[in-house]
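Here's the structure we're looking at; comments come further down.
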Amino acid sequence: MASSRTAAMLVLVAAVLCPAAFSKTSSAFISMPTDHVGGSIPPVSPAEGLAFDFHADSCPQLQDVVRSAVQTALQSEIALAAGLLRIFFHDCFPQGCDASVLLTGDGSELQLAPNLTLQPRALQLIESIRAMVHAACGPVVSCADITALATRDAVAFSGGQGYDVPLGRLDSLAPAPSSAVFNLPQASSNAATLIDVFQTRNLDNVDLVALSGGHTIGKGHCSSFSNRFSEDSGFVRSLASNCSTDFNRLQDLDVTTPDVFDNKYFTNLQEGKGVFTSDQKLTADWRTEWVVNGFAGNHWWFFGQFAASMTKLGNLQGPQGNVGEIRRNSCFVRNAQSILTTTSDEGLSASV
Ligand code: HEM
Ligand SMILES: *[C@@H]1O[C@H](CO)[C@@H](O)[C@H](O)[C@H]1NC(C)=O
Ligand SMILES: CC(=O)N[C@H]1CO[C@H](CO)[C@@H](O)[C@@H]1O
């Protein structure tokens, strides 16, 4: 496929220019390491309306612009990688990947509890990349596509595996309803609850465990795991004691390699060192425990499955399918609301 050949070429060029950043990921970008997996992971086809080469003609520079912008931003602030990954999850899970989470203003998803802890600088990074991409190609790429690509590049830059991202998403005209946003799973949930919630989005037990592996990078507030402070374990006592010193501190979600995208999250779980209830309980249910053990023992399986599960997450669409517009003035504002806009808003969503 043309787009993956182009992507592979870009990675090779980047790997020559910047070998340290790409040494762990360059070969993984080019092919799924199925020979290490012990059974292949079925390929995930793009959702209705999406295609890997959607922007091959309309914006040939797209992948290059996004990747170098993400790389530059992460080189100065690695925490943004986790910020991007969580924004992607919070965009896609409620009503499909439509950049609805990025809208600001009254009734926006950002005002709802689950979004209070999205990183403002990661949100801003997505908007900055949109401006760069639109400067290069015109307003032809959605904020939703840019979010998906930037997230993939952030995972790869952090040590994870790259994967091809189907493109062609449109940006929503409105925030998701709060009922959908509150479908986002809670950190106090046990595995049975998480299995049910993920099932409503056609994500199975293996997807649940793989995607929970997103917590191999990033941080959480004490309030997200204070429900556990009565638990009788040395690890939880250490969590609680650090929070009693400073309740506003940010806790590493992977206590072994906090900024590296690797499978240490799963070996931590095996040692009882998961930070949220929702993490640690994955070892307490037979439907998820075997997957935790599998990923802990074989990081290639985790990397390959994470890529496949992210593609499934990225395929989610709302009840009306892939409808909306390309936000062209800001990812934070839909076109009709933008004070910057002087021309009619119709055209674009219909023309692309
Ligand atoms: C399985 C259910 C999940 C639950 C209950 C959950 C819950 C949470 C909570 C409570 C936080 C910390 C918020 C805070 O205190 O600041 C968090 C952070 C994070 N989550 Fe999840 N999450 C889940 C799944 C996911 C998935 C599927 C991904 C992506 C694939 C993800 C990626 C992240 C990342 C990267 C962070 C760190 C963000 C940062 O450092 O800014 N989570 N999650
Ligand atoms: C608590 O803080 C100490 C000192 O900074 C640190 O060594 C320890 O790893 C922290 N505990 C957890 C669970 O992160
Ligand atoms: C990241 C972000 O924009 N968070 C917002 C969430 O909602 C609160 C309350 O409206 C805002 O103050 C935050 O800025």
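In this chain, residues are counted from 1 in sequence order. Please read these numbers as outputs of a predicted model, since none were measured by experiment. Atoms within a ligand are numbered from 1 in the order they appear, just like the ligands themselves. Heavy-atom basis, side chains included; hydrogens, waters and symmetry copies ignored.
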**OP:** List every atom of ligand 1 that sits less than 4.0 Å from any heavy atom of Ser224, numbering the atoms from 1 in the order shown and giving each element.
**Re:** 10 (C), 13 (C), 14 (C), 15 (O)

Original post:
Near Lys219 NZ, under 6.0 Å, is it more than 12 heavy atoms from other residues, nucleotides or ligands?
Top reply: yes

Subject >> Region of Leu211 engaging ligand 1 - heavy atom pairs below 4.0 Å >> reply: both

Original post:
What atoms in ligand 1 come closer than 4.0 Å to a heavy atom of Pro185?
Top reply: 2 (C), 3 (C), 5 (C)

Subject >> Heavy atoms from other residues, nucleotides or ligands near CZ of Arg249 exceed 12 (cutoff 6.0 Å) >> reply: yes

Original post:
For Lys219, is at least one N or O under 3.5 Å away from an N or O on ligand 1?
Top reply: yes

Original post:
What protein heavy atom sits nearest atom 5 (O) of ligand 2, and how far away is it?
Top reply: Asn242 ND2, 4.9 Å

Original post:
For residues Arg86 and Thr117, is any side-chain donor paired with an opposing acceptor at under 3.5 Å?
Top reply: yes

Original post:
So, for Tyr163 and Phe52, is the gap between ring centers shorter than 6.0 Å?
Top reply: no

Subject >> Per-atom contacts of ligand 2 with Leu239, taking only distances under 4.0 Å to non-hydrogen atoms >> reply: 13 (C)

Original post:
Salt bridge between Asp232 and Arg237, side-chain N to carboxylate O under 4.0 Å?
Top reply: yes

Original post:
Who's closest to atom 13 (C) of ligand 2 heavy-atom-wise, of Cys243, Ala240, Ser238?
Top reply: Ser238

Subject >> Contact partition for Ala82 relative to ligand 1, non-hydrogen atoms under 4.0 Å >> reply: both

Subject >> Nearest non-hydrogen protein atom, atom 24 (C) of ligand 1 >> reply: Phe89 CE2, 3.3 Å

**OP:** Give the contacting part of Gln251 toward ligand 2: side chain, backbone, both or neither, where contact means a heavy-atom distance below 4.0 Å.
**Re:** side chain

Subject >> Parallel, tilted or perpendicular: ring planes of His215 versus Tyr265, cut at 30 and 60 degrees >> reply: perpendicular

Original post:
Counting heavy atoms only, which part of Gln119 comes closer than 4.0 Å to ligand 1: side chain, backbone, both or neither?
Top reply: side chain

**OP:** Taking atom types as modelled, find out whether Thr245 and Asn242 have a side-chain donor-acceptor pair closer than 3.5 angstrom.
**Re:** no

Subject >> Whether over 12 other heavy atoms sit under 6.0 Å from Gln186 CD >> reply: no

**OP:** Specify side chain, backbone, both or neither for Ala187, according to which of its non-hydrogen atoms lie closer than 4.0 Å to ligand 1.
**Re:** both

Subject >> Distance-only donor-acceptor check, side chains Arg327 and Ser172, under 3.5 Å >> reply: yes

**OP:** Report yes or no: do Asp254 and Thr257 form a side-chain donor-acceptor pair below 3.5 Å?
**Re:** yes

Subject >> Beyond-backbone contact of Arg152 with Met310, side-chain heavy atoms, under 4.5 angstrom >> reply: no

Subject >> Atom name of the N, O or S atom in His215 that lies nearest to atom 21 (Fe) of ligand 1 >> reply: NE2

Original post:
Considering only the protein, which heavy-atom contact is closest to atom 17 (C) of ligand 1, and what is its distance?
Top reply: Arg86 NE, 3.3 Å

Original post:
Is any heavy atom of the protein nearer than 4.0 Å to atom 2 (O) of ligand 2?
Top reply: yes

Original post:
Is at least one protein non-hydrogen atom found at under 4.0 angstrom from atom 7 (O) of ligand 2?
Top reply: no

**OP:** For Phe93 and ligand 1, answer yes if some heavy atom of the residue is under 4.0 Å from a ligand atom, otherwise no.
**Re:** no

**OP:** Could you list which atoms of ligand 2 come closer than 4.0 Å to a heavy atom of Phe235?
**Re:** 13 (C)

Original post:
Are Leu125 and Arg121 close enough that some pair of their side-chain heavy atoms sits under 4.5 Å apart?
Top reply: no

Original post:
Does ligand 1 have any atom sitting under 4.0 Å from a heavy atom of Ser212?
Top reply: yes

Original post:
Hey, is CG on Asp246 packed in by over 12 heavy atoms from elsewhere, all under 6.0 Å?
Top reply: yes

Original post:
With atoms numbered from 1 as shown, which atoms in ligand 1 lie under 4.0 angstrom from a non-hydrogen atom of Gly214?
Top reply: 35 (C)

Subject >> For Gly220, atoms of ligand 1 separated by under 4.0 Å from a heavy atom >> reply: 12 (C), 14 (C), 15 (O), 16 (O)

Original post:
For ligand 1, which part of Phe88 has a heavy atom less than 4.0 Å away: the side chain, the backbone, both, or neither?
Top reply: neither

Subject >> Geometric class of the Phe93/Phe198 ring pair [parallel <30°, tilted 30-60°, perpendicular >60°] >> reply: tilted

Subject >> Atom pair CD/OG1 of Glu231 and Thr277 - distance to nearest 0.5 Å >> reply: 6.0 Å

**OP:** Would you mind running through ligand 1 and noting each atom that sits below 4.0 Å from a heavy atom of Leu253?
**Re:** 18 (C), 19 (C), 36 (C), 37 (C)

Subject >> Nearest option to atom 8 (C) of ligand 1, as decided by whichever heavy atom of Phe306, Phe276, Phe198 sits closest >> reply: Phe276

**OP:** Give the residue and atom name of whichever protein heavy atom lies nearest to atom 16 (O) of ligand 1, and the separation in Å to one decimal.
**Re:** His221 ND1, 2.6 Å

